[in-house]
Number of protein chains: 2
Amino acid sequence: MLSFFTVDCLILTFHEGQLKVLLTERNEYPYKDWWAIPGYFVDKEEEMEEAVKRISYENTGLKDIYLEQLAALAGVKRHPEGRILTVAYMALVRYEEVKNKVKPITNYMRQAKWFGVNDVPELAFDHNEILRLGLKKLKTNLSFSFAPFELLPEKFTLTQLQQIYESILGESLDKRNFRKKMGNLGYLKELDEYQTGVSYRAARLYKVDKRKFAKLFA
Amino acid sequence: MLSFFTVDCLILTFHEGQLKVLLTERNEYPYKDWWAIPGYFVDKEEEMEEAVKRISYENTGLKDIYLEQLAALAGVKRHPEGRILTVAYMALVRYEEVKNKVKPITNYMRQAKWFGVNDVPELAFDHNEILRLGLKKLKTNLSFSFAPFELLPEKFTLTQLQQIYESILGESLDKRNFRKKMGNLGYLKELDEYQTGVSYRAARLYKVDKRKFAKLFA
DNA sequence: ACAAAAGTGTTCGCAATACACCCATGG
DNA sequence: CCATGGGTGTATTGCGAACACTTTTGT
């Protein structure tokens, strides 16, 4: 009883004020030359959680990223060579930590590239749907999720944090209210450090207190 | 390229003041004679959403229930005859509407029976895990979900509604605050009808205004 | 001096919480 | 008349929302 299935890895980051998704250009049929979410077949004896780590690495060069299950898609016609079920995962990464590492290790993907989530072409298979599901989940869980801090460098400014909230929610927020709320939550640590290399007033940097954050949601 | 997988249907209801899950007794190996969440193989040319309707019906006799995807489980050792991926779905049903219909149509399940969610035996495969995931999801989404009303009869008392919240959250709530909040939400319609057949003061019945509810979450 | 973004307080209304007693009904 | 659950109000506190100007820095 053979059972083939794939995993796909929706990898998101935040850069230049917008959410971006990592796409790979396929070098293999079907959908050769199309952009797709990184993904491939799970080996017969391989745990799915291992497979998704291996495959995200092979497709994009990124290691040790935390992937969470998003959905299973199994449309009879989603794959031209016969029904192939896929389990989609989602990961959030810090742009600064990964920007120099993004490069496929396999040859079934030709290149990997970041696309703004609002600037994504028509993708292979049902991958546009996977992206849609991922963004929806991000938005739904935002108020009790660590997601914003997985997208930012360790030290960040409040404006960066606000931009993330705004990109995920798709609406703009009031600066003063936003800062008051973040302050009240009590898990942001104000540092005695400031932004560098900007041609205007440098903003203060902050860190998350992971202990306090975890306690709040325990 | 053959691709076998199953779907499992976590079906929950509310009765006698507690959440209950519908389990089936297997009449087929592996796990013959074990209790399990209703489920079976998806046909080769069958859409997964169709399969889950068909299979929930065959296993339990219940038709036209709304199933939502919960998770995919694919442990290499979850099935003794080789790795078989399963996609778990969840449905909520009204006890009054289904109590006389629960009966397997197939012969690979011997019987179907309601179990209190805190009184569930060790189940076949990884089905205890599926139950755990379902209850977690129910709890997480409770504040913006229609779930409580899918579990109750069309006309219900505020005490019943409160009991559902309490079962899902696993904590008791203050009666006055609960009623004030439900009133404020604005989608409950007070009826001029009362409970019957109780040996104490009969409680007023309520209905949900689905239009108003839908508007709030649009 | 100008451009660009940082940073900062108050008011108002509503929602969440804590808390205890009387009422209606059936047996 | 008793047992059982039904039903009700107030005070406090904290959060969400609306709203605009001054400060700092680099060029």
Side-chain angles (χ1 to χ4, degrees), chain A residues 14-18 139 142-144 148 152-153 155-207 212-213 215-217, chain B residues 14-18 139 142-144 148 152-153 155-207 212-213 215-217:
Chain A
F14 186 77
H15 182 55
E16 294 170 333
Q18 60 176 330
K139 185 171 171 177
L142 183 59
S143 56
F144 44 94
L152 282 172
K155 299 173 183 180
F156 52 86
T157 69
L158 292 179
T159 298
Q160 290 174 320
L161 184 59
Q162 184 174 343
Q163 284 172 339
I164 293 205
Y165 274 81
E166 290 176 337
S167 318
I168 294 175
L169 295 173
E171 60 182 320
S172 55
L173 303 171
D174 179 89
K175 185 163 47 157
R176 279 171 296 187
N177 291 340
F178 182 79
R179 285 164 184 240
K180 188 163 18 131
K181 177 156 73 169
M182 288 299 136
N184 285 342
L185 291 176
Y187 52 73
L188 289 190
K189 273 190 298 202
E190 183 177 293
L191 302 178
D192 285 326
E193 295 177 55
Y194 295 84
Q195 241 178 345
T196 54
V198 289
S199 69
Y200 45 81
R201 177 174 178 182
R204 183 185 283 274
L205 297 175
Y206 289 77
K207 260 183 155 176
K212 286 189 185 167
F213 185 93
K215 224 173 260 175
L216 280 174
F217 293 93
Chain B
F14 186 77
H15 182 54
E16 294 169 334
Q18 60 176 331
K139 186 171 171 176
L142 182 59
S143 55
F144 44 94
L152 283 171
K155 299 173 182 180
F156 52 86
T157 70
L158 293 179
T159 298
Q160 290 174 318
L161 184 59
Q162 184 174 344
Q163 284 172 339
I164 293 206
Y165 274 81
E166 290 175 338
S167 321
I168 294 176
L169 296 172
E171 61 182 321
S172 56
L173 303 171
D174 179 89
K175 185 162 47 157
R176 279 172 296 186
N177 291 340
F178 182 80
R179 285 164 185 240
K180 192 170 4 144
K181 177 155 75 168
M182 288 299 136
N184 283 342
L185 292 176
Y187 52 73
L188 290 190
K189 272 189 299 200
E190 184 177 291
L191 303 177
D192 285 326
E193 295 176 57
Y194 295 83
Q195 241 179 345
T196 54
V198 289
S199 71
Y200 45 80
R201 177 174 175 182
R204 184 185 282 275
L205 296 175
Y206 288 77
K207 261 183 156 174
K212 285 189 185 167
F213 184 93
K215 225 172 261 177
L216 281 175
F217 294 92

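Throughout, protein chains are lettered first and strands after them, A, B, ... in sequence-line order, and every chain is numbered starting at 1.
Note on A/R179: a base of the nucleic acid sits closer than 4.0 angstrom, heavy atoms only. Among the heavy atoms of the strands lying under 4.0 Å from A/K181 are primed sugar atoms or P, OP1, OP2 only; no base atom is included. Nucleic acid contact for B/T157: none, since no nucleic acid atom lies under 4.0 Å from a heavy atom of the residue.
Taking 4.5 Å as the limit, some side-chain heavy atom of A/L161 sits within range of a side-chain heavy atom of A/F178. By the 4.5 Å heavy-atom criterion applied to side chains, A/Y165 and A/L173 are counted as neighbours. Residues A/F156 and A/L188 have side chains in contact (heavy-atom distance under 4.5 Å, counting atoms from C-beta outward).
Side-chain atoms of B/K180 stay outside donor-acceptor range of the base of D/dT8, with no qualifying N/O pair under 3.5 Å. The base of C/dC14 does not come close enough to the side chain of B/N184 for any donor and acceptor atom to sit less than 3.5 Å apart.
The side chain of B/N177 approaches C/dA18 more closely than any other nucleotide in the set C/dT8, D/dG6, C/dA18. For B/R176, counting side-chain heavy atoms from C-beta on, the closest listed nucleotide (C/dC19, C/dG9, D/dG7) is C/dC19. Relative to the side chain of B/S199, the nucleotides C/dT8, C/dC23, C/dG27 differ in distance, and C/dG27 lies closest.
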Secondary-structure notation, DNA chain D, from Watson-Crick and G-U pairs under 3.5 angstrom (| other strand): |||||||||||||||||||||||||||

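Atom OH of B/Y194 is separated from atom C1' of D/dG7 by 11 Å (rounded to the nearest Å). When the C1' atom of C/dA15 is taken as reference, atom CZ of B/F178 falls 15 Å away, rounded to whole Å. Regarding B/Q195, its CD atom lies at a distance of 13 Å from the C1' atom of C/dA24, rounded to whole Å. In this structure, A/L161 places its CG atom 13 Å from P of C/dG7, rounding to the nearest Å. B/L173 places its CG atom 12 Å from the P atom of C/dA16, with the value rounded to the nearest Å. Remark: P of C/dG7 and CG of A/L205 are 9 Å apart, rounded to the nearest angstrom. Separating the CE atom of A/M182 from the C1' atom of D/dA17 is a distance of 15 Å, rounded to the nearest angstrom. Atom NZ in B/K175 sits roughly 10 Å away from atom P in D/dT8 (whole-Å rounding).
Considering only residues two or more places apart in sequence or on other chains, A/Y206 meets the ring pair (Phe, Tyr, Trp, His ring centres under 6.0 Å) condition with none of them. B/K155 pairs by the side chain to side chain donor-acceptor pair (under 3.5 Å) definition with B/E193, not counting sequence neighbours.
Between A/R201 and A/D174, the residue anchored closer to the 5' end of DNA chain D is A/D174, taking for each the nucleotide with the nearest heavy atom. Across the interface with DNA chain D, nearest-nucleotide mapping of B/Y200 and B/L158 shows B/Y200 to be the residue nearer the 5′ end.
Using modelled atom types, one side-chain atom of B/Q195 and one backbone atom of B/A203 make a donor-acceptor pair closer than 3.5 Å.
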- prompt: Can you check side chain to side chain contact (heavy atoms under 4.5 Å, CB included) on B/Y194 and B/L205, steps first, answer last?
  reply: CA-CA 5 Å; B/Y194 295 83; B/L205 296 175; 5.6 Å; no

- request: Take B/R204 and B/L191 through the side chain to side chain contact (heavy atoms under 4.5 Å, CB included) test and state the conclusion after the steps.
  value: CA-CA 7 Å; B/R204 184 185 282 275; B/L191 303 177; 5.7 Å; no

